[in-house]
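Letters A, B, ... mirror the listed sequences (proteins, then strands); counts begin at 1. Just so you know, these numbers come straight off a predicted model, no measurement behind them.
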2 protein chains.
Amino acid sequence: MIADHLGLSAAAVSRVLNGAPAAKSIPKPTQDRILAAAKQFNYRPNVLARSLRRGHSMTVGVLLPEVSEGYATLVLAGVEQALLQAGYVFYLVSHHHQAERVENAQTMFVERFVDGIVAIDTVLARHTELPTITVSCPDEQEGMTNIVLNHRRAAELAIDHLSGLGHREIAFIKGQAFSSDTEPRWQAIRHAASRAGITVDPLLVASLEGDSPTHEPGYFAAQRLLASGSSFTALFTFNDVSAIGAIRALREAGLRVPQDVSVVGFDDVQSAAFQNPGLTTVRQPLKTMGMLAAETLVQRIAAPPEHPAPKQLVIDPEFVVRESTCPPAPRRKT
Amino acid sequence: MIADHLGLSAAAVSRVLNGAPAAKSIPKPTQDRILAAAKQFNYRPNVLARSLRRGHSMTVGVLLPEVSEGYATLVLAGVEQALLQAGYVFYLVSHHHQAERVENAQTMFVERFVDGIVAIDTVLARHTELPTITVSCPDEQEGMTNIVLNHRRAAELAIDHLSGLGHREIAFIKGQAFSSDTEPRWQAIRHAASRAGITVDPLLVASLEGDSPTHEPGYFAAQRLLASGSSFTALFTFNDVSAIGAIRALREAGLRVPQDVSVVGFDDVQSAAFQNPGLTTVRQPLKTMGMLAAETLVQRIAAPPEHPAPKQLVIDPEFVVRESTCPPAPRRKT
DNA sequence: CGCCTTTGGGCAAACCTTTGCCTAAACCGA
DNA sequence: TCGGTTTAGGCAAAGGTTTGCCCAAAGGCG
């Protein structure tokens, strides 16, 4: 269209606008005319046509469990920032931990020629040819890089903190089975506990149930722990929202946090610092992990890795002490 | 490709697969062959090519302030669900309330041939030809529909609740200037207050400052209110996260909520019910608003509205009483 | 047998760029 | 003057669908 106006061919225009090497055979004045006309008409190449021809779309697909949930959206914030910076845009789709939705999303992604995939807390439905980076996903598929937390370290931080305060009777709330972090973190906790000489009472282990991403599962899990009859002076939950839900259950049962029960959360979501009491928690640098994922992905898109892609990028957690933990009361039964 | 395999033309394949009217001149057996082959090869038409030809992309652009923030992502959840149901996918971009980022996003949207735009709590940078639905946006551009809360009703619910409990000295935390709801809601509050015979002490009005979407602005705003020297028995904040931040500031100042100060939030985000104390708040049906926005948009994409599009869809709030409000103490100065 | 109508589907343009290959003119040196 | 090189950009294919228009063969009717 701009070519017609100048009496040139579309080829020339394309070359100049893209700074193609072949453009060096086009004299400066002509180039300037093209540039000027492009500016004048506010010309934008049709991205669809370009993608069709070039075979890539400058788009990536992002998968997460819930679109409105603290954990994944904090990762997403990092992903977005890094992606934008690199000139990519993304499709977002949530799957609510349903395999079918993941599957559909994956086919949608290939249909629409995304250049890569970022999957947050997601188990992929099948192997994909597309460059893929996962955040907190369990399976190690061929050639895909996984950004994971150092669970070992995370568990030690929490257990050593509680153990250092004098707690021996510690209750746990595990994650849902579908959550990728649940198993590795639980392994790490068992390991850290035994290292600290703490035995894990099976009666003091509850799991989050249901697929609600809200506080309720933690609330009910804590109620089950209280009903189990075993006493405990501390509680370590799978994440912060569960912790908040659990604290409510504890309080409703007449227990004070932290005087009667210390509570340690996980993630350090934005609201953790503003809880009452402020939540002691294991901080995951979620935004950083998201940025790392996106950066790794665009790198991989630009240049496929030489031989075997690095399988894992391990991120270290921090521990944040606030008000929800203290030494156990000298004597008290739940 | 599938055409070659069957010795047919791409045209025939296209017509059959799309159930085009012209397909009726193709006999059943041939149609079956095409369908079978498509299934066998798991054939997916190239969406890029199709969009290029058809002139629409089955994609919409979604704009919001922050990707990890309770309010907008709850709306987003509704948008996503309705969009998915209608077969659309979306680009997500956050703008952090920066006009330039909104502008860039808008040009990106037209470059990529989105079929429409959903803008959540966003002031658009310029007029757009694209079908656009906004949620909680102030400006009434030609032909664009805005989903808004019934601020009048919302303010009355909160003010009448506090006034009914006996509160007369009420402090307020207004939203940031860039937030679309700030002005209309404030107008509504003044109106409701005067209707209830309550005078608004200018010293008892603070505004959220800074563009952080977290609890801090509310925390600092509450501190400024406390420092103002005027006493108050109740506080009505712009949203729940501010309320949570404010509660922390109050508590740090030695005030108990609700015994010394009642607090009413706004939105009813997921964590509101699990705060300590549980937050009394004005509930916006955010997910519903998101769904409504998306449904209205796809409708408008399918069939441009007859003449003048309805300008506004007004949604009614609910009031949720929890534990952060109670009658004021008989006598107490802050 | 000749004409008309279905039947069955092909042709090619259009959507818009990108890119490998090519060429016509000009210029330059011998 | 002639051959070679550079200049300046054009040609056309390719990427995969969609769709308006067209046509050939077959069948039906008079």
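- Residue-to-nucleotide proximity on DNA chain C shows that, of Ala20(A) and Ala12(B), the 5′-proximal contact is made by Ala12(B).
- Within the 4.0 Å cut-off from OP1 or OP2 of dG16(D), not a single side-chain nitrogen or oxygen of Tyr43(B) is found.
- Using modelled atom types and a 3.5 Å distance limit, the side chains of Thr59(A) and Arg112(B) yield a donor-acceptor pair.
- For Pro27(B), taking side-chain heavy atoms from C-beta onward, the closest of the listed nucleotides dA13(D), dC11(C), dG8(C) is dG8(C).
- For Ile26(A), whose side chain is taken as the heavy atoms from C-beta onward, the closest listed nucleotide among dT17(C), dG9(D), dG16(D) is dG9(D).
- Between Tyr91(B) and Tyr91(A), the ring centre distance stays below 6.0 Å.
- Nearest to the side chain of Ser25(B), among dT17(C), dG8(C), dC21(C), sits dG8(C).
- Listed nucleotides: dT18(D), dG10(D), dT18(C). Nearest to the side chain of Arg54(B): dT18(D).
- In this entry the distance linking CG of Asn46(B) with P of dA14(D) reads 16 Å, nearest Å.
- Of the candidate nucleotides dC16(C), dG9(C), dT18(C), dG9(C) has the atom nearest to the side chain of Thr30(B).
- At the heavy-atom level, Leu8(A) lies under 4.0 Å from the strands shown only through sugar-phosphate atoms.
- Checking dT18(C), dC11(C), dG16(D) against the side-chain heavy atoms of Arg15(B) singles out dC11(C) as nearest.
- The one candidate from Lys311(B), Gln299(B), Arg300(B) that meets the side chain to side chain donor-acceptor pair (under 3.5 Å) condition with Thr145(B) is Arg300(B).
- Distance Arg50(B) CZ to dT17(D) P: 8 Å, rounded to the nearest Å.
- In terms of phosphate contacts, Asn18(B) brings no side-chain nitrogen or oxygen within less than 4.0 Å of OP1 or OP2 of dT17(D).
- Nucleic acid contact class of Phe113(A) (heavy atoms, under 4.0 Å, all strands): none.
- By the neighbour-count criterion of 12 heavy atoms within 6.0 Å, atom NE2 of His5(B) is sparsely surrounded, having that number or fewer from other residues, nucleotides or ligands.
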